[in-house]
A.B. asks: 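There's a structure below that I have some questions on.
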Amino acid sequence: MLALFDLDNTLIDRRGGLELWARNFVSSRHLPREAASVVCDQLWERAYPTDFVRLKAALGLSESPDDLWREYVTGVARSVRCFPGVLEGLEALRHAGWALGVATNGAGDIQRAKLAATGLASLFDGVCVSGDVGVRKPGRGHFEAAIALCGGDPRHRAGHWMVGDNPETDIAGASRAGLRTMWVANGRRWTYGPREPHTVVRDATEAIGVLQGLTR
């Protein structure tokens, strides 16, 4: 059995980590406090090196976009945290015989830095980052690549699960690719269209508990 997990705001609190880093970033440069909101607005959904060209101009920064990107990668990786119970739950899933993978959009260096800093990296059989494989969720090819990186056969997807918080990229995309889906609601109700998830859970810890129950 294979379970694929989204990373940001499913296993780790990216929003909280970004806000913390942004506050420290603007404070270190003696920028106005409201500049942290500018940083978060620019990087809220996803961050890539090209975003720091715009951020440099918006804040009047002297550093190069490449230097700003490297600072972001290091700083955000240090700032993000796993949601409670995630590390222990994933370890238990592995002991129960599950193969585990990450299926995430983003640039490879920042996503892998977050996995390493949080202690998650060693728990996964495969890590599929869109910036590394050249196809983003919700594209079918992303899920096929993730399955293959975990040692599975992409042609046999019916028993595989995708766990994530994004209705389109995680749930609709994985459903179209033939996987079973589990939506992490994070306080929301499902109102996102016809491709409903197979299971709705409060958070990643509950998702892990549901998967554990399938092995009993």
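Computed over heavy atoms, backbone and side chain alike; hydrogens, waters and symmetry mates excluded. Small disclaimer: the values here were computed from a predicted structure and weren't measured.
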A.B. asks: Atom OG1 of Thr199 and atom CE of Met182: how far apart are they, to the nearest 0.5 Å?
C.D. replies: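 Reported value, rounded in 0.5 Å steps: 4.5 Å.
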A.B. asks: Quick one: does NZ or CZ of Arg140 land under 6.0 Å from the six-membered ring centre of Phe143, within 45 degrees of the ring axis?
C.D. replies: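 Relative to the ring axis of Phe143, which defines the angle, Arg140 lies outside at least one limit.
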A.B. asks: Answer yes or no: is there a donor N or O on one side and an acceptor on the other, between the side chain of Thr118 and the main chain of Arg81, under 3.5 Å?
C.D. replies: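 Between the backbone of Arg81 and the side chain of Thr118 there is no qualifying donor-acceptor contact (under 3.5 Å).
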A.B. asks: Any chain of hydrophobic side-chain contacts (each under 4.5 Å) joining Met1 to Phe124?
C.D. replies: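 Yes, Met1 and Phe124 fall within the same hydrophobic cluster.
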A.B. asks: Check whether any side-chain N or O of His142 sits under 3.5 Å from a backbone N or O of Pro138 as a donor-acceptor pair, and report yes or no.
C.D. replies: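 Answer holds: no.
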A.B. asks: Minimum heavy-atom separation for Lys114 to Val80, with atom names?
C.D. replies: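 It is CG-CG2, 3.9 Å.
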A.B. asks: What heavy-atom pair brings Ala96 and Thr215 nearest, and what distance separates the two atoms?
C.D. replies: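 So the two residues come closest at CB-OG1, 4.1 Å.
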A.B. asks: Can you tell me how the ring of Tyr72 sits relative to the ring of Phe52, calling it parallel under 30°, perpendicular over 60° and tilted otherwise?
C.D. replies: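 Plane angle between 30° and 60°, so tilted.
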A.B. asks: Going through the checks in order, is the side chain to side chain contact (heavy atoms under 4.5 Å, CB included) test met by Leu43 and Val76?
C.D. replies: CA-CA 11 Å; Leu43 308 177; Val76 168; over 6 Å; no
A.B. asks: Taking the side chain as C-beta and beyond, is there a heavy-atom pair between Trp161 and Val210 under 4.5 Å?
C.D. replies: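 Side chain of Trp161 against side chain of Val210, heavy atoms only: no contact under 4.5 Å found.
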A.B. asks: How many angstroms lie between CZ in Arg14 and OG in Ser79, if you round to the nearest 0.5 Å?
C.D. replies: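 Rounded to the nearest 0.5 Å, the CZ-OG separation comes to 11.5 Å.
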A.B. asks: Does the side chain of Val86 come within less than 4.5 Å of Leu120's, by heavy atoms?
C.D. replies: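 Yes, at least one pair of side-chain atoms sits under 4.5 Å.
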A.B. asks: For Cys150 and Leu4, work out which heavy atoms get closest and say how close.
C.D. replies: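 Of all heavy-atom pairs spanning Cys150 and Leu4, the closest is SG-CD2, 4.1 Å.
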A.B. asks: Give, for atom CD of Glu71 and atom CG of Asp66, the distance between the pair rounded to the nearest 0.5 Å.
C.D. replies: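 Glu71 CD to Asp66 CG: 13.0 Å, rounded to 0.5 Å.
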A.B. asks: Any heavy-atom pair between the side chains of Asp8 and Gln111 that's under 4.5 Å?
C.D. replies: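 In short, these two side chains touch, coming nearer than 4.5 Å.
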A.B. asks: Taking Lys137 for the side chain and Ala103 for the main chain, is one N or O donor matched with an acceptor at less than 3.5 Å?
C.D. replies: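 Side chain of Lys137 to backbone of Ala103, a donor-acceptor pair under 3.5 Å: yes, one is there.
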A.B. asks: If you define the side chain from C-beta out and look only at heavy atoms, does anything of Leu61 sit under 4.5 Å from Leu31?
C.D. replies: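 Yes, close enough: below the 4.5 Å cut-off.
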A.B. asks: Side chains of Val38 and Val26, heavy atoms from C-beta outward: is any pair under 4.5 Å?
C.D. replies: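 They are not in contact (no side-chain heavy atoms under 4.5 Å apart), so the answer is no.
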A.B. asks: Which heavy atom of Leu211 sits nearest to which heavy atom of Ala3, and what is that distance?
C.D. replies: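 Closest approach of Leu211 to Ala3, heavy atoms only: CD1-CB, 3.8 Å.
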A.B. asks: Going from OG1 on Thr10 to CG on Asn186, what distance comes out if it is rounded to the nearest 0.5 angstrom?
C.D. replies: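 Answer for the OG1-CG pair, Thr10 versus Asn186, is 7.0 Å.
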A.B. asks: Do Val163 and Leu179 share a hydrophobic cluster (ILVMFWY, side-chain heavy atoms under 4.5 Å, transitive)?
C.D. replies: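 Different hydrophobic clusters.
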A.B. asks: Same cluster or not: Trp98 versus Leu7, using hydrophobic residues (I, L, V, M, F, W, Y) connected whenever any side-chain heavy atoms lie under 4.5 Å apart?
C.D. replies: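 Trp98 and Leu7: one cluster.
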A.B. asks: Answer yes or no: is there a donor N or O on one side and an acceptor on the other, between the side chain of Trp183 and the main chain of Asp165, under 3.5 Å?
C.D. replies: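 Confirmed, Trp183 side chain pairs with Asp165 backbone.
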A.B. asks: Report yes or no: do Leu214 and Val200 belong to one cluster of Ile/Leu/Val/Met/Phe/Trp/Tyr joined by side chain heavy-atom distances under 4.5 Å?
C.D. replies: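 Different clusters: Leu214 never reaches Val200 through Ile, Leu, Val, Met, Phe, Trp or Tyr contacts under 4.5 Å.
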A.B. asks: With a 4.5 Å heavy-atom cut-off, do Thr181 and Asp170 have their side chains touching?
C.D. replies: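 No, too far: nothing below the 4.5 Å cut-off.
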A.B. asks: To check you understand the geometry: which heavy-atom pair defines the closest contact between Gly89 and Gln212, and what is its length?
C.D. replies: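 Heavy-atom minimum between the residues: O-NE2, 4.4 Å.
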A.B. asks: Please test Tyr48 against Asp51 for side chain to side chain contact (heavy atoms under 4.5 Å, CB included), starting from the C-alpha separation and ending with a verdict.
C.D. replies: CA-CA 6 Å; Tyr48 291 94; Asp51 293 319; 3.9 Å; yes
A.B. asks: Just jot down the salt bridge (Lys or Arg N to Asp or Glu O under 4.0 Å) partners of Arg136, sequence neighbours excluded, or say none.
C.D. replies: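 For Arg136, no residue satisfies salt bridge (Lys or Arg N to Asp or Glu O under 4.0 Å) once neighbours in sequence are set aside.
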A.B. asks: Hey, is CZ on Arg202 packed in by over 12 heavy atoms from elsewhere, all under 6.0 Å?
C.D. replies: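 For Arg202, atom CZ is not crowded (no more than 12 foreign heavy atoms under 6.0 Å).
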A.B. asks: Side chain to side chain contact (heavy atoms under 4.5 Å, CB included) between Val184 and Phe83: does it pass, once the steps are laid out?
C.D. replies: CA-CA 12 Å; Val184 175; Phe83 288 114; over 6 Å; no
A.B. asks: Could you tell me the separation between the CZ atom of Arg15 and the SG atom of Cys40, rounded to the nearest 0.5 Å?
C.D. replies: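 So the gap between those two atoms works out to 11.5 Å.
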A.B. asks: Do Arg94 and Asp125 sit within salt-bridge range, that is, some charged N less than 4.0 Å from a carboxylate O?
C.D. replies: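 Yes, charged N to carboxylate O under 4.0 Å.
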A.B. asks: Side chain to side chain contact (heavy atoms under 4.5 Å, CB included) for Phe5 and Ile208? Distances and angles first, verdict last.
C.D. replies: CA-CA 10 Å; Phe5 289 85; Ile208 290 167; 4.2 Å; yes
A.B. asks: Any donor and acceptor pair, going by atom type alone, linking the side chain of Arg188 with main-chain N or O of Ala185 inside 3.5 Å?
C.D. replies: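 Yes, Arg188 side chain to Ala185 backbone: donor-acceptor pair under 3.5 Å.
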A.B. asks: What are the two closest non-hydrogen atoms of Arg46 and Asn105, and how far apart are they?
C.D. replies: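 Of all heavy-atom pairs spanning Arg46 and Asn105, the closest is NH1-O, 3.0 Å.
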A.B. asks: Please check: side-chain N/O of Arg54 versus main-chain N/O of Gln42, any donor-acceptor pairing under 3.5 Å?
C.D. replies: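 No, because the side chain of Arg54 does not come within donor-acceptor range (under 3.5 Å) of the backbone of Gln42.
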A.B. asks: Would you say the side-chain atoms of Lys56 pair up with the backbone N or O of Ser64, donor to acceptor, closer than 3.5 Å?
C.D. replies: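 Side chain of Lys56 to backbone of Ser64: no pair is present.
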A.B. asks: Do Ile110 and Trp69 come close enough that some side-chain heavy atom pair is under 4.5 Å?
C.D. replies: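 SC-SC contact between Ile110 and Trp69 confirmed.
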A.B. asks: Would you say the side chain of Trp190 lies within less than 4.5 Å of the side chain of Ile171, judging by non-hydrogen atoms?
C.D. replies: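 With C-beta onward as the side chain, the pair touches.
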A.B. asks: Working to the nearest 0.5 angstrom, can you tell me the gap between Ile12 CD1 and Thr104 OG1?
C.D. replies: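 Ile12 atom CD1 to Thr104 atom OG1 measures 8.0 Å (nearest 0.5 Å).
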A.B. asks: With the 4.5 Å side-chain cut-off for hydrophobic clustering, are Met162 and Leu115 part of the same group?
C.D. replies: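 No; Leu115 is not reachable from Met162 via cluster members.
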